[in-house]
A.B. asks: 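Once you've had a glance at the structure underneath, I'll fire off some questions.
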Amino acid sequence: MSATLKAISSASIEEQSRVVTAQILSLPAFQQAQSVSCYLSMPSGELDTSFLVSEILKSGNGSDYVLGWETLISIGKTLFVPRIDPSKDSQMDFVRVYGKEDLNTFPIGTWGIKEPGSQWRGSLRESALVGKNTGLDIILVPGVAFDRSFSRLGHGKGYYDHFLGSYSSIKKSKPLLGKSLFTSFWCQLYITYFPVALALREQVLEEGEVPTGPHDWSMDLIVTPELILSKGQGRNESWLQSPLCSG
């Protein structure tokens, strides 16, 4: 897979990244989300998230809602990005980005990836793991490879597996479970939150081809330029339409 990724041209990565960005932006589950975590991509060899991050930051940090015909859309989103703790093995948190200007100040860190400092304007950045925030609605995850059984092959450091385990323990919920937003006489609307893999078409393998261990987390959704693979409904993507009422 390493050789395959190195052979992908920058033009192909850009084209695929723009299509996947459009796929994500069109998902009602993403439109409903308030708190989104997204990785900042490496210079090469993986899907470029700069287009998606830009769109998230454009949405602002509000929390108002517009009730659409079929979905309840969150106008503003809060963006969280990874920050690795160099003093601890395989420890990573997601911290808040306070706008495009803030993002532009990030220095280049491990693997050529922009990484935030621990503080913003003299205070500690808001963390997805601690504090009074309500948690992450969607966790957008990178990887070296994924397969159709929703297994993920990372870079071998265990950052995301450790984070998802810590998040599940601290927030007392796995990022797959649904949050009831409101209940009416006619229907109950849910916002789902889950780990979502962003993948180049070359990164998706057949079922069972990615080796896994007991501490490896599987993905709930894999988004590629051509496919949206969903584990939750037997790969039936109709659940992603989030109808306001059904039945």
Side-chain angles (χ1 to χ4, degrees), residues 1-2 4-6 8-33 35-59 77-83 92 94 97 103 110-115 128 136-157 159-161 163-164 167 175-176 192-205 209-210 216-232 235 237 240:
M1 180 56 72
S2 178
T4 298
L5 295 178
K6 287 180 180 178
I8 304 173
S9 69
S10 58
S12 178
I13 290 178
E14 179 177 346
E15 179 268 329
Q16 293 190 61
S17 300
R18 289 185 182 276
V19 175
V20 169
T21 295
Q23 295 262 50
I24 292 292
L25 294 177
S26 70
L27 291 177
F30 177 83
Q31 294 171 354
Q32 295 162 356
S35 295
V36 177
S37 74
C38 184
Y39 66 96
L40 300 179
S41 49
M42 297 187 298
S44 63
E46 69 180 6
L47 191 133
D48 183 354
T49 59
S50 62
F51 310 110
L52 181 55
V53 165
S54 178
E55 291 299 322
I56 296 170
L57 290 175
K58 279 182 185 177
S59 76
K77 300 186 189 305
T78 302
L79 174 65
F80 290 81
V81 299
R83 183 175 188 277
M92 179 180 73
F94 278 85
V97 181
L103 177 67
T110 309
W111 299 304
I113 302 171
K114 280 188 171 185
E115 191 169 341
L136 298 170
D137 298 318
I138 288 182
I139 301 174
L140 301 172
V141 180
V144 174
F146 308 91
D147 69 19
R148 290 174 179 261
S149 52
F150 299 89
S151 299
R152 170 184 174 268
L153 177 66
H155 290 276
K157 300 295 185 180
Y159 289 118
Y160 276 86
D161 293 319
F163 172 80
L164 289 169
Y167 182 89
L176 169 64
T192 56
Y193 50 107
F194 35 43
V196 176
L198 305 183
L200 301 166
R201 62 175 67 93
E202 293 87 350
Q203 292 179 294
V204 181
L205 306 177
E209 290 192 10
V210 170
D216 294 333
W217 281 67
S218 63
M219 300 294 98
D220 293 313
L221 209 67
I222 300 175
V223 181
T224 78
E226 291 81 20
L227 298 170
I228 299 177
L229 300 175
S230 160
K231 180 170 63 176
R235 298 175 193 164
E237 294 157 22
L240 297 171

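Just so we're clear, the structure is a prediction, and the values are computed from it rather than from any experiment.
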A.B. asks: How about Thr224 and Ile222: do any of their side-chain heavy atoms sit closer than 4.5 Å?
C.D. replies: yes
A.B. asks: Once rounded to the nearest 0.5 Å, what's the spacing between atom CZ of Phe163 and atom CD1 of Ile139?
C.D. replies: 5.0 Å
A.B. asks: Between SG of Cys38 and CZ of Phe80, what distance do you get to the nearest 0.5 Å?
C.D. replies: 13.0 Å
A.B. asks: How about Leu47 and Ile13: do any of their side-chain heavy atoms sit closer than 4.5 Å?
C.D. replies: no
A.B. asks: Indicate the atoms forming the closest heavy-atom contact of Phe51 with Thr21, along with that distance.
C.D. replies: CB-OG1, 3.8 Å
A.B. asks: If you look at every heavy atom in Ser17 and Asp48, which pair is closest and at what distance?
C.D. replies: OG-N, 2.9 Å
A.B. asks: Apply side chain to side chain contact (heavy atoms under 4.5 Å, CB included) to the pair Val53 and Leu103, showing each step before the final yes or no.
C.D. replies: CA-CA 10 Å; Val53 165; Leu103 177 67; 3.8 Å; yes
A.B. asks: Please report the C-alpha distance between Tyr39 and Val81 in whole Å, then the side-chain angles of each, then the deciding distance to 0.1 Å, and finally whether the side chain to side chain contact (heavy atoms under 4.5 Å, CB included) criterion is met.
C.D. replies: CA-CA 6 Å; Tyr39 66 96; Val81 299; over 6 Å; no
A.B. asks: Testing the 3.5 Å rule here: is there a donor-acceptor pair between the side chains of Ser59 and Glu55?
C.D. replies: no
A.B. asks: Examine distances only and state if a side-chain atom of Ser41 and a backbone atom of Thr49 form a donor-acceptor pair shorter than 3.5 Å.
C.D. replies: yes
A.B. asks: Determine whether Arg152 and Val141 make a side-chain contact, defined as any pair of heavy atoms from C-beta on separated by less than 4.5 Å.
C.D. replies: yes
A.B. asks: Apply side chain to side chain contact (heavy atoms under 4.5 Å, CB included) to residues Thr78 and Val97 and explain how you reach the verdict.
C.D. replies: CA-CA 8 Å; Thr78 302; Val97 181; over 6 Å; no
A.B. asks: Working to the nearest 0.5 Å, report the span between NZ of Lys114 and CG of Leu40.
C.D. replies: 8.0 Å
A.B. asks: Nearest heavy-atom pair of Ser12 and Glu202: which atoms, and what distance?
C.D. replies: OG-OE2, 4.4 Å
A.B. asks: Rounded to the nearest 0.5 Å, how far apart are CG of Leu52 and CG of Leu140?
C.D. replies: 6.0 Å
A.B. asks: So which atom in Ala33 and which in Lys77 form the shortest heavy-atom distance, rounded to 0.1 Å?
C.D. replies: O-NZ, 2.8 Å
A.B. asks: Within the structure provided, determine whether Val36 and Asp137 are in side-chain contact (heavy-atom separation under 4.5 Å).
C.D. replies: no
A.B. asks: I'd like to know if the side chain of Glu46 pairs up with that of Gln203 as donor and acceptor (distance under 3.5 Å, no hydrogens or angles considered).
C.D. replies: no
A.B. asks: Taking the side chain as every heavy atom from C-beta outward, state whether Pro195 and Tyr160 have any atom pair closer than 4.5 Å.
C.D. replies: no
A.B. asks: Among Ile56, Leu198, Leu221, exactly one meets side chain to side chain contact (heavy atoms under 4.5 Å, CB included) together with Ile24. Which residue is that?
C.D. replies: Leu198
A.B. asks: Looking at CZ of Arg148 and CG of Leu227, how far apart are the two atoms once the value is rounded to the nearest 0.5 Å?
C.D. replies: 5.5 Å
A.B. asks: Please give me the minimum heavy-atom distance between Phe146 and Ala197, naming the atom from each residue.
C.D. replies: CE2-CB, 3.4 Å
A.B. asks: To the nearest 0.5 Å, what is the distance between CE on Met219 and OG on Ser230?
C.D. replies: 13.5 Å
A.B. asks: Do NZ/NE/NH1/NH2 and the carboxylate oxygens of Glu115 and Arg83 come within less than 4.0 Å?
C.D. replies: no
A.B. asks: Carefully, step by step, assess Phe150 and Leu229 under the rule side chain to side chain contact (heavy atoms under 4.5 Å, CB included).
C.D. replies: CA-CA 8 Å; Phe150 299 89; Leu229 300 175; 3.9 Å; yes
A.B. asks: Find out whether His155 and Met42 are in side-chain contact, i.e. whether some heavy atom of one side chain is under 4.5 Å from a heavy atom of the other.
C.D. replies: yes
A.B. asks: If we ignore hydrogens and angles and just use 3.5 Å, is the side chain of Asp147 paired with the main-chain N or O of Glu209 as donor and acceptor?
C.D. replies: yes
A.B. asks: Where is the tightest heavy-atom contact between Gln23 and Ile228, given as atom of each residue plus distance?
C.D. replies: OE1-CD1, 3.6 Å
